[in-house]
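Predicted, not measured: the structure shown is a model, and the values here were computed from it.
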Amino acid sequence: RKVVDLIGGCVDAVVNRANTSRANRAIMETLRRAGVSVDDVADDVARAAQEGQPVYRLMDAAGMAGQRRASGIVRSGGDGADELAAFLRQRQVDQADRVTNFIDDAFGTTGTTAAKTREALTASRKKAADAAYEAARGNAAPVDIRGALKVIDDRMGGMAGSGVTGDGIDGILARFRARLASQPGGKNFPDAASVELSDFDRVLGVKQDVQDAIGAALRAGRNNEARELGKLAKELDQALEASSDMYRAANDGFARASRVIDAVDEGADMATKGRPEDTLRAFQAMTPDQQSSARIGYGDRIIEAIQKNKAEMANKARELASTKRATEAEAMALDPGLLARRIAREDVMWETQNRALGGSRTADNLADQTDLGLMADIGRATRDALMGRIGTAIGTVANRAGNVATGQNEATRALIARMLMSDDPRAALAVALRQETTSQGRRRIAEAMARALGR
């Protein structure tokens, strides 16, 4: 076979004819080195297509051996090399979109963002709360607000009622106090002693705004502000409950909805902060609705990091490669197995293109020189030999002779490139498989004859 390849390779090189038999043998040799069968590779590629990765091809399923074969083809030059290189480059450029879609599926973001989710949940909470609180208004008595005003005055001391302004905690409390103490007639009562009762709707509106202010303070990291506002919210809750028997049920529903909203930001923090065991403990303690919100916050934070990475050829799947992210995704993702398989394939595809397209430009330069043809190689080798560059001359001849000796001229390498890019390995390798079966049969006959002669 080696002698036949040498002779046939010389003929094919002269006429630039593709040799299907040699291309088939090259691919089958690749699979043998990878330790996989045609069925293994075909099933792997088919499953990838079913799971949203149709660009996962034979060269990826063949592992390291497939990557090396692809690299050799790309660096050998020619139309097949250009076609394979273009495919690998475009596939990697599109990786960010694929990984983003996988995160959408895994964490339920479905194309939305944490901000939009929070906005939609807040609107839903308001709609439900309006109906519940409307029922509570029906039997509500005037609300005793002395306890709430005392909380504000104790915090502000002598500044209570003095028109404090600004965005600090005192300015915020002063504005809430003015709203509570202002009566329907428009007269403002700055002293707590002169104000005992207020309208249920007025107090309810203040309480809801206080609750929103607490959430904003927590998101901004102003924990002291949130703590002081929490005291006021607690006092207002007690006053409202005392004025309406139905308020507690409405308030419990509002609190549950608020915890679902807060879980969006908690999930976003889980993606970047804390140890995995702490994150999972907090996630598992949530209700199903809270977990759904946390997933969206978590996924949105990862997508944000992917979008910030503008390097086209970078491996975007690495955002889920750390031990922390992998552990959390296994517990938090809707289908952790599917996500893990998809990310693993993205890693393999990145390695394939990196092996073929990355590294030194020397191989690319040699491939460009090879494109000039056989006579150019002979001329260049002769020139180098006359100038005393014997090593360079030998290298040029050896590079050309290597392809000829194996019968892999440019046209044959183009066939190999297309097989490597195949999305249906079983069909692409049907002839190769029959050829391999025939070759193995001949080999067994030859071995039997050799043993017989030996005996």
Inset, instruction - Answer yes or no: is there an ion pair linking R413 with E410, defined by an N-O contact shorter than 4.0 Å? - result: no
Legend entry - Inter-residue atom distance E266.CD - T279.OG1, 0.5 Å rounding: 11.0 Å
Legend entry - Heavy-atom donor-acceptor pair, E328 side chain to A271 backbone, under 3.5 Å: no
Inset, instruction - Please check if any side-chain donor atom of T352 sits under 3.5 Å from a side-chain acceptor atom of D60, or the reverse. - result: yes
Legend entry - Charged N-O contact under 4.0 Å between K150 and E235: no
Inset, instruction - If the plane angle is over 60° it's perpendicular, under 30° parallel, otherwise tilted; pick one for Y247 and F200. - result: perpendicular
Inset, instruction - Please test I306 against I103 for side chain to side chain contact (heavy atoms under 4.5 Å, CB included), starting from the C-alpha separation and ending with a verdict. - result: CA-CA 11 Å; I306 291 173; I103 293 172; 3.6 Å; yes
Inset, instruction - Keeping the roles fixed (side chain from T109, backbone from D300), state whether a donor-acceptor pair exists under 3.5 Å. - result: no
Inset, instruction - Provide the closest heavy-atom pair for A333 versus L339 in the form atom of the first, atom of the second, distance. - result: CB-CD2, 4.2 Å
Inset, instruction - Decide side chain to side chain contact (heavy atoms under 4.5 Å, CB included) for R341 and L338; before the verdict, give the C-alpha distance in whole Å, the side-chain angles of both, and the deciding distance to 0.1 Å. - result: CA-CA 5 Å; R341 291 192 299 274; L338 175 60; 3.9 Å; yes
Inset, instruction - Could you check if a side-chain atom of M270 sits within less than 4.5 angstrom of a side-chain atom of M332, using non-hydrogen atoms only? - result: yes
Inset, instruction - Going by the salt bridge (charged side-chain N to carboxylate O under 4.0 Å, His left out) test, name the single residue among R219, R125, K207 that passes it with D212. - result: R125
Legend entry - Spacing of CD belonging to E319 relative to OG1 belonging to T100, to within rounding of 0.5 Å: 10.0 Å
Inset, instruction - List the atom of A148, the atom of L180, and the distance in Å for their closest heavy-atom pair. - result: CB-CD1, 4.3 Å
Legend entry - Gap separating the CG atom of L357 from the CG atom of L88, nearest 0.5 angstrom: 5.5 Å
Inset, instruction - Step through the shown structure and confirm whether more than 12 heavy atoms of other residues, nucleotides or ligands are within 6.0 Å of NZ on K324. - result: yes
Inset, instruction - Can you see which heavy atom on R75 is nearest to which on A356, and at what distance? - result: NH2-O, 3.4 Å
Legend entry - From CA spacing to verdict: salt bridge (Lys or Arg N to Asp or Glu O under 4.0 Å), K116, E119: CA-CA 5 Å; K116 290 180 180 178; E119 182 180 340; over 6 Å; no
Legend entry - Neighbour count above 12 (heavy atom, 6.0 Å) for E330 CD: no
Legend entry - Carboxylate-amine/guanidinium contact K231 D154, below 4.0 Å: no
Legend entry - Heavy-atom pair of closest approach, residues F254 and A129: CD1-CB, 3.7 Å
Inset, instruction - Apply the test salt bridge (Lys or Arg N to Asp or Glu O under 4.0 Å) to residues D278 and R281: give CA-CA distance (whole Å), side-chain angles for both, the deciding distance (0.1 Å), then the verdict. - result: CA-CA 5 Å; D278 296 333; R281 191 180 302 113; 2.9 Å; yes
Legend entry - Sub-4.5 Å side-chain heavy-atom contact between T272 and R325: yes
Inset, instruction - Please examine the side chains of I303 and D104, heavy atoms only from C-beta on, and report whether any two atoms are closer than 4.5 Å. - result: yes
Legend entry - For R301 against A268, the heavy-atom pair lying closest together: NH2-CB, 3.2 Å
Inset, instruction - Give me the one residue out of K316, E346, E312 that meets side-chain hydrogen bond (donor to acceptor under 3.5 Å, both in side chains) with Q95. - result: E346
Legend entry - Residues D130 and K126 bridged, charged N to O under 4.0 Å: yes
Legend entry - Short N-O contact, K308 and E304, less than 4.0 angstrom: yes
Inset, instruction - Please check if atom CD in E29 has more than 12 non-hydrogen atoms from other residues, nucleotides or ligands closer than 6.0 Å. - result: yes
Legend entry - OH on Y56 to CZ on R345, rounded to 0.5 Å: 6.5 Å
Inset, instruction - Check whether any side-chain heavy atom of I172 sits under 4.5 Å from a side-chain heavy atom of L229, and report yes or no. - result: yes
Inset, instruction - Nearest 0.5 Å please: distance from the CD1 atom of I296 over to the OG1 atom of T112. - result: 6.5 Å
Legend entry - Rounded distance [0.5 Å steps], CD in E228 versus CD1 in I214: 11.0 Å
Legend entry - Side-chain touch D335/D105, heavy atoms, less than 4.5 angstrom: no
Legend entry - Backbone of A314 reached by a side-chain donor or acceptor of Q92 within 3.5 Å: yes
Legend entry - Donor-acceptor pair between R22 and T412 side chains, under 3.5 angstrom: no
Legend entry - More than 12 heavy atoms of other groups within 6.0 Å of M246 CE: no
Inset, instruction - Using distance alone, with no hydrogens and no angle criterion, decide if D289 and S292 have a side-chain donor and acceptor under 3.5 Å apart. - result: no
Legend entry - Any R57 side-chain heavy atom under 4.5 Å of F87 side chain: yes
Legend entry - Note, R98 side chain near M349 side chain (heavy atom, < 4.5 Å): yes
Inset, instruction - State, with a plain yes or no, whether a side-chain heavy atom of L31 is found less than 4.5 Å away from one of D40. - result: no
Inset, instruction - Tell me yes or no: between the side chains of N224 and R227, is some donor less than 3.5 Å from an acceptor? - result: yes
Legend entry - R318 CZ: over 12 foreign heavy atoms closer than 6.0 Å: no
Inset, instruction - Verify side chain to side chain contact (heavy atoms under 4.5 Å, CB included) between R89 and M313, making sure each step is shown before the conclusion. - result: CA-CA 8 Å; R89 190 174 291 109; M313 307 308 284; 4.2 Å; yes
